[in-house]
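Before any comments, here is the structure.
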Amino acid sequence: MNRFHHSSAIYRTATSAALVLFSQAALAWGPHTEIAQAALTALGTGDGIYKQLGADTGVLAQYVWMADWRTQLLIRTDEVFYADDYLLFPKAKTHSQHICPEVKQTYAPFFRRALQALRTESPRNAARWIGSLLHFTTDTGSPPHAAGFLGAAHSKMENWVDAKLIHLPEYQPQLLGEDDSAAEAGFLARMDGLIEFSKERAARCRADVDADRREPVEPVVLESALETARVTADLLHTLGVLAARPASGASLSGTVALQKNNHPSLDRLPAKVVLLGTDFSTLTAPDGSFAFRHLPEGDYKLVALAPGATSAPMAVSLRSGGFIVPQLALSAAASGNLLRNGDFLLQWSGADALDHWSMKTPPGKLAAKTSVRDWDGEWLPLEKGVSYRLEAHWKKSAPQAESPLVFVRLKPAASGPAVPTETEPLNAPSDHITLNGTQEAAWAQVCIRAAQAPQEVLESVQFRREN
Ligand SMILES: [Zn+2]
């Protein structure tokens, strides 16, 4: 089924890019959960962050992994969501590396976004945004991440630590600033301090790591883990204090009615609601309801989006008090298509970005040699024994010079070492292929490979159950 029909110059590099991505994911500091838990325990249930998040506070110890789940669909007993809905937004259009110096560019936008979520969204949504911020924060404290050290010993250096020893008895969390701006500056300064702290530890244990001597390394890495937990406690305490301050603004709420697509996990995926031209976004609750609080008064354009359907922008004029949106029905447009933004209508995160499609530039010199880019859709779980149909609806005027392709990548598990295989590609004017969900093809990602933006060559791409 997975025949390789590629003449395109970037085919081989797409495969090696997948390998690079995987090895990046393998650079994971083990004790994220223990660090977050130590910070929460140090804060105690009387802290403001517990008042803000309620029952969702404890989930931070899992959501602290958020940024390592990028591009993944999380399927749990009580929730289904794409991690990218909490990692990509207008102020962070692409994923960042979790290592210094690049990770530093995440601090300010994710601090602001987490604070915004606490003030305007449900506790569950806020906890997920805080999870992203905590991931970047805690990864930074890992000695090789602080030192920008990617060598062979990276993984040993950051995982030679006994996570059971990460506790902060007696720690008094510090407020990083009295208002949003002061707290952001205080957080950035605290992170600079953490980087210096862990860089020094990286240098101190480097020779022992290289010589494979674990014993003297462990207490040094533990110092970094404990300092990271202190920073995490300060950060959570500060978010709780700032979010408790009285806020003005208007509320906006409503319900999105979704048509089910006969897919066990994607039918549980909430709709996403965004306000165009702003950083405001949220996911609906399982019953389809959404609510924003404390939005600045003004005129907004609201768009709701789900697999197979994007609503037309709705003008909303917010004045003090509340505004209830009449029920938004996405069902009329729903076509069984499992892709989000398959008709390329939504560019909330920026005019140069396409929501729910991520553009991959070929690495190195190849990027300059070709204007062909891969636009990767979101990974979709397939059911074994079910047949699926990929349809490309080409534009009449689609340029043929560097003939654009649409194909599907397939892999056996949501994460892991398997290099995805690829189906044969669709070239204009061919319009569909079918494939089956199997053990090996348990996850599918539609990829558009073109020299133009997808919306210039395609009306839409659809991926649905065949029957
Ligand atoms: Zn990471």
Side-chain angles (χ1 to χ4, degrees), residues 17-39 59-74 81-89 91-111 113-114 127-161 163 166 187-188 190-191 194-195 197-199 201-202 209 221-222 224-229 231-232 235-236 358 360 379 413-417:
L19 286 170
V20 169
L21 255 179
F22 170 67
S23 57
Q24 183 62 34
L27 299 179
W29 200 14
H32 285 288
T33 293
E34 289 81 359
I35 289 170
Q37 194 54 60
V59 200
L60 290 176
Q62 295 168 41
Y63 288 162
V64 66
W65 288 97
M66 190 71 74
D68 278 355
W69 298 333
R70 67 190 194 183
T71 80
Q72 289 185 37
L73 180 71
L74 280 295
F81 68 95
Y82 279 103
D84 280 1
D85 284 331
Y86 301 89
L87 292 166
L88 299 174
F89 66 110
K91 294 217 170 53
K93 291 187 182 59
T94 57
H95 294 289
S96 292
Q97 308 281 2
H98 306 170
I99 191 159
C100 284
E102 199 181 324
V103 67
K104 294 166 78 172
Q105 72 197 23
T106 65
Y107 305 155
F110 280 88
F111 177 79
R113 189 60 186 79
R128 293 173 185 155
W129 279 109
I130 294 170
S132 297
L133 172 66
L134 292 190
H135 188 87
F136 298 127
T137 302
T138 52
D139 248 357
T140 300
S142 154
H145 285 249
F149 167 48
L150 273 166
H154 176 112
S155 177
K156 279 193 254 179
M157 189 187 282
E158 67 179 351
N159 288 303
W160 281 359
V161 59
I166 304 172
F187 173 52
L188 296 181
R190 192 78 171 90
M191 292 306 288
L194 177 62
I195 291 166
F197 185 99
S198 285
K199 236 176 156 171
R201 267 90 192 151
V209 171
V221 177
L222 180 61
S224 279
L226 291 170
E227 180 65 3
T228 306
V231 173
T232 302
L235 175 58
L236 289 173
S358 55
K360 296 271 157 32
W379 284 99
S415 59

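In each ligand, atom 1 is the first atom listed, and ligand 1 is the first ligand listed. Quick caveat: nothing in here was measured; it's all calculated off a predicted structure.
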Item checked: Name of the Asp68 atom (N/O/S only) found closest to the Zn ion (ligand 1) -> OD1
Notebook entry, point to check: For the ring pair Phe81 and Tyr86, is the centre-to-centre distance below 6.0 Å?
Noted result: yes
Note to self: Report the atom name of the nearest N/O/S atom of Asp139 relative to the Zn ion (ligand 1).
What the structure shows: OD2
Check: Can the ring centres of Phe110 and Phe136 be said to be less than 6.0 Å apart?
Finding: yes
Item checked: Of all N/O/S atoms in His98, the name of the one nearest the Zn ion (ligand 1) -> ND1
Next item on the list: Would you check if the Zn ion (ligand 1) lies under 2.8 Å from any N, O or S atom of His32?
Entry: no
Next item on the list: Check side chain to side chain donor-acceptor pair (under 3.5 Å) between Arg113 and all other residues, then give those that pass, not counting sequence neighbours.
Entry: Glu121, Ser281
Next item on the list: Name all residues meeting the side chain to side chain donor-acceptor pair (under 3.5 Å) criterion together with Ser198; count only those two or more places apart in sequence or in a different chain, and write none if there are none.
Entry: Ser224
